[in-house]
Amino acid sequence: MFYLFVIVFAPLLAPYGEAAVVGDAYAPWGGEFWLGTDSLGRDILSRMIYAARNTVGITFIATVLAFVIGSSLGMVAAVTGGWVDQTLSRLVDILMAIPLLIFALLLLMIFGGSVISLVLIIASLESTRVFRLTRAVAMDVAVMEYVEAARLRGENMLWIVRREILPNILAPLTAEFGLRFCFIFLLVSSLSFLGLGLQPPTASWGAMVRENVMLITFGSITPLLPAAAIAILTIAVNLIVDWFLNKTSGFSK
């Protein structure tokens with residue numbers, strides 16, 4: 001809830017603009033700048049706040065798009081079967097054989113590091129993982145008697161997916177959404193740290209670690225702040241996913 005509050009009210013909470021140069025380079029903590037300034041004299045606190053909106057926003061959009069692509073193709077493969085299933089499955093196997101980070105770096109170097117390119121590339125690569133899970137759970141449901149009865153009644157594939165298959169695989173897909181959000185969040189942060197994610201002057205936690213990493217040699221913990229924000233959010237989402245799995249599996253007290 002705290003992260004959501006910061007994301008929604010970022011312009012009101014940040015004391016300065018996202019890219020505004022407001023002081024001397026590497027100003028110390030305290031006084032006018034609660035967390036000091038970076039190498040260009042931009043307020044660290046303000047950029048931390050805006051980075052929450054940018055990093056989490058990009059991650060959420062990419063996760064939703066990955067699920068739209070992956071789950072749709074996964075259910076089509078499970079329900080249709082035959083050459084459609086084999087073609088999609090082999091294509092996904094080929095894409096998953098390439099290390100994700102290396103593949104993402106290569107594509108971003110080719111197509112550029114714009115926000116649209118970043119979202120489309122990450123969503124396309126992560127959709128392969130969603131496809132595998134969706135296909136696996138949908139195939140288990142597709143062989144059930146009530147699905148076969150729907151086929152015999154003459155129901156079309158869209159009706160079968162929407163009314164028979166999707167409601168019965170919603171729980172694992174929801175849990176996977178949370179886990180996939182964490183993986184994409186870490187990937188976006190890693191790409192930003194390497195300089196191929198969100199581009200300056202847009203603030204992102206991964207880029208802020210890189211921009212201020214030299215301060216560690218002077219005993220400052222400033223670079224650890226965005227790193228801690230990344231870790232805390234990842235742990236929080238994982239705890240929520242674990243809670244949801246316990247609730248839906250019937251093991252919660």
Side-chain angles (χ1 to χ4, degrees), residues 7 18-19 38-40 42 47-48 50-77 83-136 173 176-214 223 226-227 229-231 233-234 237:
I7 291 168
E18 180 178 3
D38 63 8
S39 60
L40 298 178
R42 298 172 296 189
R47 288 183 63 77
M48 283 282 295
Y50 278 104
R53 167 179 285 189
N54 297 333
T55 308
V56 177
I58 292 296
T59 300
F60 181 77
I61 295 172
T63 306
V64 171
L65 185 57
F67 261 77
V68 170
I69 298 172
S71 60
S72 299
L73 294 178
M75 282 187 281
V76 168
W83 67 269
V84 175
D85 179 26
Q86 289 299 315
T87 301
L88 291 174
S89 297
R90 297 298 79 76
L91 179 60
V92 167
D93 289 341
I94 293 171
L95 293 176
M96 291 185 68
I98 306 173
L100 180 62
L101 182 58
I102 296 176
F103 202 4
L105 288 171
L106 175 63
L107 293 176
L108 286 170
M109 290 179 67
I110 295 173
F111 296 105
S114 67
V115 173
I116 295 177
S117 297
L118 183 65
V119 170
L120 292 178
I121 289 171
I122 292 177
S124 299
L125 296 179
E126 288 288 348
S127 66
T128 58
R129 278 74 179 167
V130 181
F131 172 88
R132 292 290 293 270
L133 175 69
T134 304
R135 176 181 175 273
L173 287 184
E176 176 66 13
F177 184 91
L179 295 175
R180 197 53 46 196
F181 178 90
C182 291
F183 287 122
I184 293 177
F185 177 70
L186 293 174
L187 178 60
V188 170
S189 299
S190 300
L191 291 172
S192 296
F193 178 81
L194 295 172
L196 288 174
L198 295 174
Q199 297 300 304
T202 303
S204 67
W205 286 330
M208 290 183 68
V209 175
R210 185 189 73 250
E211 293 166 356
N212 299 286
V213 68
M214 65 172 296
I230 294 171
L233 180 60
T234 304
V237 173

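Computed over heavy atoms, backbone and side chain alike; hydrogens, waters and symmetry mates excluded.
Contact of the Pro201 side chain with the Arg42 side chain is registered, since non-hydrogen atoms from C-beta on lie closer than 4.5 Å. Contact annotation: the side chain of Met109 approaches that of Leu196 to within less than 4.5 Å [non-hydrogen atoms, C-beta and beyond]. Looking only at side-chain heavy atoms (C-beta outward), Leu191 and Leu187 come within less than 4.5 Å of each other. At a threshold of 4.5 Å between non-hydrogen side-chain atoms, the residues Glu126 and Leu100 count as touching.
Shown here for Met48 and Ala229, the closest heavy-atom pair between the two residues is CE-CB, 4.2 Å. Nearest heavy atom pair, residue Val237 against residue Cys182, reads CG1-SG, 3.3 Å. Taking both residues in full, the closest heavy atoms of Gly206 and Ile230 are given as N-CD1, 4.1 Å, listed atom of the first, atom of the second, then distance. The heavy-atom pair separating Val209 from Pro226 by the smallest distance is CG2-CG, 3.6 Å. Smallest separation of non-hydrogen atoms from Ala62 and Ala123: O-CB, 3.6 Å. Closest heavy-atom contact between Arg135 and Asp85: NE-OD1, 2.6 Å.
Partners of Phe183 according to the ring pair (Phe, Tyr, Trp, His ring centres under 6.0 Å) rule, which considers only residues two or more places apart in sequence or in another chain, do not exist here. Residues passing the ring pair (Phe, Tyr, Trp, His ring centres under 6.0 Å) test with Phe193, sequence neighbours excluded: none.
The distance from the OG atom of Ser127 to the CZ atom of Phe67 is 10.5 Å, given to the nearest 0.5 Å. In this structure, Ile61 CD1 and Leu120 CG are separated by 10.5 Å, a value rounded to the nearest 0.5 Å. Considering OG of Ser190 and CD1 of Ile184, their distance stands at 12.5 Å, rounded to 0.5 Å. Interatomic distance, Leu107 CG to Leu118 CG, rounded to the nearest 0.5 Å: 11.5 Å. Between atom CG of residue Asn54 and atom CZ of residue Arg47 there is a gap of 9.0 Å, rounded to the nearest 0.5 Å. Note that the CZ atom of Phe103 and the CD1 atom of Ile122 stand 13.0 Å from one another [nearest 0.5 Å].
The backbone N or O of Ser192 lies less than 3.5 Å from a partner atom in the side chain of Arg210, making a donor-acceptor pair. Judged purely by atom type and a 3.5 angstrom limit, Gln199 uses its side chain to pair as donor or acceptor with the backbone of Gly197. With Glu18 contributing its side chain and Ala203 its backbone, the two residues share a donor-acceptor pair below 3.5 Å. Side chain of Ser89 to main chain of Gln86: no donor-acceptor pair is present (N/O by atom type, distance under 3.5 Å, no hydrogens or angles). Judged by distance alone, the side chain of Ser189 and the main-chain N or O of Leu186 form no donor-acceptor pair under 3.5 Å.
Summarising the local packing, CD1 of Ile116 is surrounded by 12 or fewer heavy atoms from other residues, nucleotides or ligands at distances under 6.0 Å.
Here the rule is side-chain contact (heavy atoms from CB on, under 4.5 Å) with Thr134, and of Val76, Leu73, Leu173 only Leu173 fits it.
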